[in-house]
Amino acid sequence: MFTADDHRYMAEALRLAERGRFGTSPNPRVGCVIARGGEVVGRGWHERAGGPHAEVAALSSAGARAHGAFVYLNLEPCSHHGRTPPCADALVQAGVGRVVAAMQDPNPLVAGQGFQRLREAGLQVQSGLMEAEARELNPGFIARLTRGRPWVRMKLAASLDGKTALLNGRSQWITGEDARRDGHRLRAECCAVLTGIGTVKDDDPRLSVRHVETPRQPRRVVVDSRLEISPDARVLAGGGTLVFAALEDGYKRQALEGCGASVVVLPDSRGKVDLSAMMRELGRRGVNELLVEAGFKLNGSLLAAGLVDELVIYLAPHLLGDAARGMFNLPPLEDLAARQELEIRDVRPVGRDLRIVARLK
């Protein structure tokens, strides 16, 4: 069905899409290759939301050579008017002969309609080539469009015995500089970074990207049921922070909004923040990928609610002992059959530490 050249060109389209890893949200990461006569005549990728889509950039690169050419991209071309015109129409107008896409767009505004528009214009259309790789490139976009909430990646820095902070709450720094830099890369990839009021009180984090280059800073999100956060907290600096609370307090809201923050009140039946409703609200606000950097209590609550997709754990080569704080505050198990199963996806050294990536089954 697909030739060796098809695989080669699609692999290049995926590599091009990677270049948009830090700047396209809430849009997907998309790359496009245009080939004719065994030669690549056009390349493009989506660099930032509101900018040209990958197909338009590749068509501009190819010019007249796009006529009759084969087009490879990791996602179905859009068929609706957003901030830019439909890419399916641009491909038809350029007179390309064949379009190969890795996967159908999960956006209900597209979802096969882009393919249909191409076929109605007489183009040959195929999909499914390297689909697994394409899905790995856009887990957040797919999650938000199919289930209404972000892809949630939880980052933890722990000692080899699984401790994330001393009993008094101190945790800076458990891991080394290389692991911290890698953690900032994770921040740069995500649309938003979430923490809890406990971490704000203990560490006063900024939650900004500082150790790697990034075209934009992720939005900062704080879970603070009783609105205990101080207006002087560093996570509020510069404005734009989103605070989720479980109670309405006009005076505290006014103080936080004066710092440029936004307060959303979403209580559950226990007087805590409704975490599932919070995730839906983040999805509604266009958050594709959410990075959690919180303490063991919020980590445990998110896990117990089934709201975590992936764990990124940096293990440092030292021990902190039983009295130190663990990774997750979870209820005790009475049977091993009730344990949370994980799928290890990657293990590698990062400086003097070890990074483990695992997905929840």
Side-chain angles (χ1 to χ4, degrees), residues 10-33 42-61 72-78 80-87 90 101-103 105-107 109-110 133-145 149-153 155 180-194 206-221 235 237-242 282-293 309-310 312:
M10 183 62 76
E12 183 172 357
L14 287 163
R15 288 194 296 272
L16 289 169
E18 282 276 359
R19 299 189 184 186
R21 181 168 288 278
F22 302 106
T24 65
S25 62
N27 294 345
R29 299 153 182 148
V30 182
C32 181
V33 169
R43 295 178 175 89
W45 68 94
H46 186 40
E47 296 185 33
R48 58 178 177 82
H53 287 191
E55 299 94 320
V56 173
L59 288 171
S60 177
S61 170
Y72 300 85
L73 61 161
N74 57 293
L75 189 69
E76 175 185 6
C78 62
H80 67 291
H81 283 269
R83 281 186 278 188
T84 59
C87 291
M103 61 175 287
D105 193 330
N107 188 340
L109 294 174
V110 184
E133 292 88 340
R135 288 184 171 275
E136 286 296 315
L137 189 61
N138 284 301
F141 179 75
I142 295 169
R144 180 171 65 83
L145 270 297
R149 62 179 178 85
W151 177 268
V152 178
R153 184 176 291 120
K155 191 205 85 172
R180 295 199 296 275
R181 186 179 301 109
D182 196 63
H184 277 246
R185 178 189 59 80
L186 290 178
R187 286 182 185 176
E189 287 185 21
C190 290
C191 307
V193 183
L194 179 143
R206 283 175 278 183
L207 297 187
S208 58
V209 179
R210 300 182 300 281
H211 298 318
V212 298
E213 291 186 11
T214 179
R216 59 105 172 96
Q217 289 288 339
R219 185 159 198 178
R220 295 162 297 175
V221 183
V235 74
T241 302
L242 191 58
L282 291 173
R284 190 186 69 79
R285 290 172 181 254
V287 175
N288 287 342
E289 295 174 34
L290 177 70
L291 182 67
V292 176
E293 297 189 35
D309 298 296
E310 186 172 88
V312 180

Sub-3.5 Å donor-acceptor pair from the side chain of [X] to the main-chain atoms of [Y], do we have one?
X: Ser25; Y: Asn288; value: no
X: Arg187; Y: Val209; value: no
X: Arg48; Y: Pro215; value: no
X: Asn74; Y: Gly31; value: yes
X: Arg216; Y: Ala188; value: yes
X: Asn138; Y: Arg29; value: yes
X: Arg206; Y: Ala237; value: no

Distance in Å, [X] [atom1] paired with [Y] [atom2], rounded so as to fall on 0.5 Å steps:
X: Ser60; Y: Arg43; atom1: OG; atom2: CZ; result: 14.5 Å
X: Asn107; Y: Ile142; atom1: CG; atom2: CD1; result: 12.0 Å
X: Leu207; Y: Thr241; atom1: CG; atom2: OG1; result: 8.0 Å
X: Thr24; Y: Phe141; atom1: OG1; atom2: CZ; result: 9.0 Å
X: Leu242; Y: Arg285; atom1: CG; atom2: CZ; result: 5.0 Å
X: His46; Y: Leu73; atom1: NE2; atom2: CG; result: 13.0 Å

With a 4.5 Å cut-off on side-chain heavy atoms, are Val312 and Arg153 touching?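 Contact flag for Arg153/Val312 side chains = yes.
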Quick one: are Val56 and Cys87 in side-chain contact, heavy atoms under 4.5 Å?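 Yes; the side chains approach each other to less than 4.5 Å.
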Once the angle between the rings of His184 and His211 is folded into 0 to 90°, is it parallel (under 30°), tilted (30 to 60°) or perpendicular (over 60°)?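 Rings of His184 and His211: tilted, 30 to 60°.
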For Arg21 and Glu18, what are the C-alpha separation, side-chain angles and deciding distance, and is it a salt bridge (Lys or Arg N to Asp or Glu O under 4.0 Å)? CA-CA 5 Å; Arg21 181 168 288 278; Glu18 282 276 359; 2.8 Å; yes
By side-chain contact (heavy atoms from CB on, under 4.5 Å), which residues pair with Ala57, not counting sequence neighbours?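 Counting only residues at least two positions away or on another chain, Ala57 forms no side-chain contact (heavy atoms from CB on, under 4.5 Å).
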For Glu47, check side-chain contact (heavy atoms from CB on, under 4.5 Å) against everything at least two apart and list the hits.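 Expected list: Trp45.
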Tell me, with the steps shown, if Leu194 and Glu293 meet side-chain contact (heavy atoms from CB on, under 4.5 Å). CA-CA 6 Å; Leu194 179 143; Glu293 297 189 35; over 6 Å; no
Does the distance from a Lys or Arg side-chain N to an Asp or Glu carboxylate O, for Lys155 and Glu189, drop under 4.0 Å?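 No, no charged N to carboxylate O under 4.0 Å.
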